**Q** 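First the structure, which I've put down as structure tokens, then a few questions once you've had a look.
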Amino acid sequence: MRVFQFLDRRVAAGGIESAVFGLVCAAALLLLHGALGAVHWWSISGYILIGMIFSFAELAADRLWEYTVGNMFKRSSPIAAFCARILFWYVAGGAGYTFGMILAKRIGLMGFYDIPVKPIFNFGAMLGVAFQVTMQIVLYLTIRMKTRRPSMGSAGS
């Protein structure tokens, strides 16, 4: 019974985190597309759809890595584990972004050229890696700041 409660809390926390990440992605994509002129016309709901699909694809890739490849890296270098995740982030970013863009176009939320699809996939893949590396760096720095021991010289001052 306790295992299911833990899984429910973990899934709920991952879902909330992914939803917030999806909104951040939507805002970032809106700015990027505006700067690059990547779409002909758009709507806010189209960007929210793309951001949510993108973020949940990244969450799925993280979970897939954790339950398949992650066990091989339990006793090895953290850098090797980090590098192994990059491929998962790349594929998830490309697939999530491409699926979100094409779905948004098909239901009429935005207009852009979707042929060829390879540049769309590569753009999403690079975004996936960039977003995840940034999030990992922020997470690392946060943990490092919280676990840093106070220096002996500053305690007596």
Side-chain angles (χ1 to χ4, degrees), residues 1-33 35-36 38 46-106 114 116-157:
M1 183 71 174
R2 288 185 184 201
V3 173
F4 293 119
Q5 290 174 348
F6 171 73
L7 287 175
D8 289 341
R9 268 188 262 129
R10 187 170 178 205
V11 169
I16 292 168
E17 178 183 299
S18 288
V20 171
F21 179 57
L23 293 174
V24 170
C25 290
L29 287 172
L30 179 63
L31 293 174
L32 278 171
H33 284 173
L36 298 173
Y47 279 107
I48 292 173
L49 175 69
I50 295 166
M52 291 298 166
I53 291 174
F54 180 81
S55 68
F56 281 101
E58 291 289 333
L59 175 68
D62 244 10
R63 296 295 186 251
L64 180 65
W65 181 89
E66 185 179 333
Y67 293 122
T68 58
V69 181
N71 291 329
M72 292 187 270
F73 291 99
K74 288 206 187 241
R75 290 183 177 34
S76 68
S77 166
I79 293 174
F82 181 80
C83 291
R85 282 185 175 208
I86 291 174
L87 177 64
F88 283 79
W89 294 335
Y90 183 86
V91 171
Y97 177 75
T98 303
F99 180 67
M101 287 286 287
I102 292 175
L103 182 63
K105 181 181 179 181
R106 297 295 182 243
D114 59 350
V117 77
K118 187 176 179 181
I120 296 172
F121 183 88
N122 285 334
F123 183 74
M126 293 300 183
L127 281 177
V129 171
F131 280 141
Q132 289 293 346
V133 166
T134 303
M135 285 177 44
Q136 293 298 319
I137 290 171
V138 169
L139 178 65
Y140 170 75
L141 292 175
T142 303
I143 291 172
R144 187 172 170 193
M145 285 176 25
K146 287 184 179 184
T147 59
R148 182 178 292 159
R149 294 182 184 163
S151 64
M152 296 299 267
S154 65
S157 300

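Note that the structure is predicted; figures quoted are calculated from it, not measured.
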**Q** Taking everything shown except Ile79 itself, do over 12 heavy atoms lie less than 6.0 Å from its CD1?
**A** no
**Q** Mark yes when over 12 heavy atoms from residues, nucleotides or ligands other than Arg144 sit less than 6.0 Å from its CZ; otherwise mark no.
**A** no
**Q** For a side chain to side chain contact (heavy atoms under 4.5 Å, CB included) check, start with the C-alpha distance between Phe123 and Leu32, then their side-chain angles and the critical distance, and finish with the verdict.
**A** CA-CA 11 Å; Phe123 183 74; Leu32 278 171; 4.1 Å; yes
**Q** Verify, without hydrogens or angle tests, whether Ser55 (side chain) and Ser18 (backbone) share a donor-acceptor contact under 3.5 angstrom.
**A** yes
**Q** Checking side chain to side chain contact (heavy atoms under 4.5 Å, CB included) for the pair Glu58/Phe88: CA distance, chi angles, key distance, verdict?
**A** CA-CA 8 Å; Glu58 291 289 333; Phe88 283 79; over 6 Å; no
**Q** Give, for atom CD1 of Ile102 and atom CZ of Phe121, the distance between the pair rounded to the nearest 0.5 Å.
**A** 11.0 Å
**Q** How long is the straight-line distance from CD1 of Ile86 back to CD of Gln136, given to the nearest 0.5 Å?
**A** 10.0 Å
**Q** Could you tell me which non-hydrogen atom of Pro116 sits nearest to which non-hydrogen atom of Pro119, and how far apart they are?
**A** O-CD, 3.4 Å
**Q** If we check ring pair (Phe, Tyr, Trp, His ring centres under 6.0 Å) with Trp89, which of these qualifies: Phe82, Phe54, Trp65?
**A** Phe82
**Q** Closest heavy-atom contact between Ala57 and Ala92?
**A** O-CB, 3.4 Å
**Q** At what distance, to the nearest 0.5 angstrom, does CD1 of Ile53 lie from CG of Leu103?
**A** 5.0 Å
**Q** Which value, rounded to the nearest 0.5 Å, describes the distance between Glu66 atom CD and Leu64 atom CG?
**A** 10.5 Å
**Q** I need the Leu59 CG to Gln132 CD distance, nearest 0.5 Å.
**A** 9.0 Å
**Q** Could you walk me through whether Asn122 and Tyr97 pass the side chain to side chain donor-acceptor pair (under 3.5 Å) check?
**A** CA-CA 9 Å; Asn122 285 334; Tyr97 177 75; over 6 Å; no
**Q** Give, for atom OG1 of Thr142 and atom CE of Met135, the distance between the pair rounded to the nearest 0.5 Å.
**A** 11.0 Å
**Q** So which heavy atom on Cys25 is nearest to which on Gly51, and how close?
**A** CB-CA, 4.1 Å
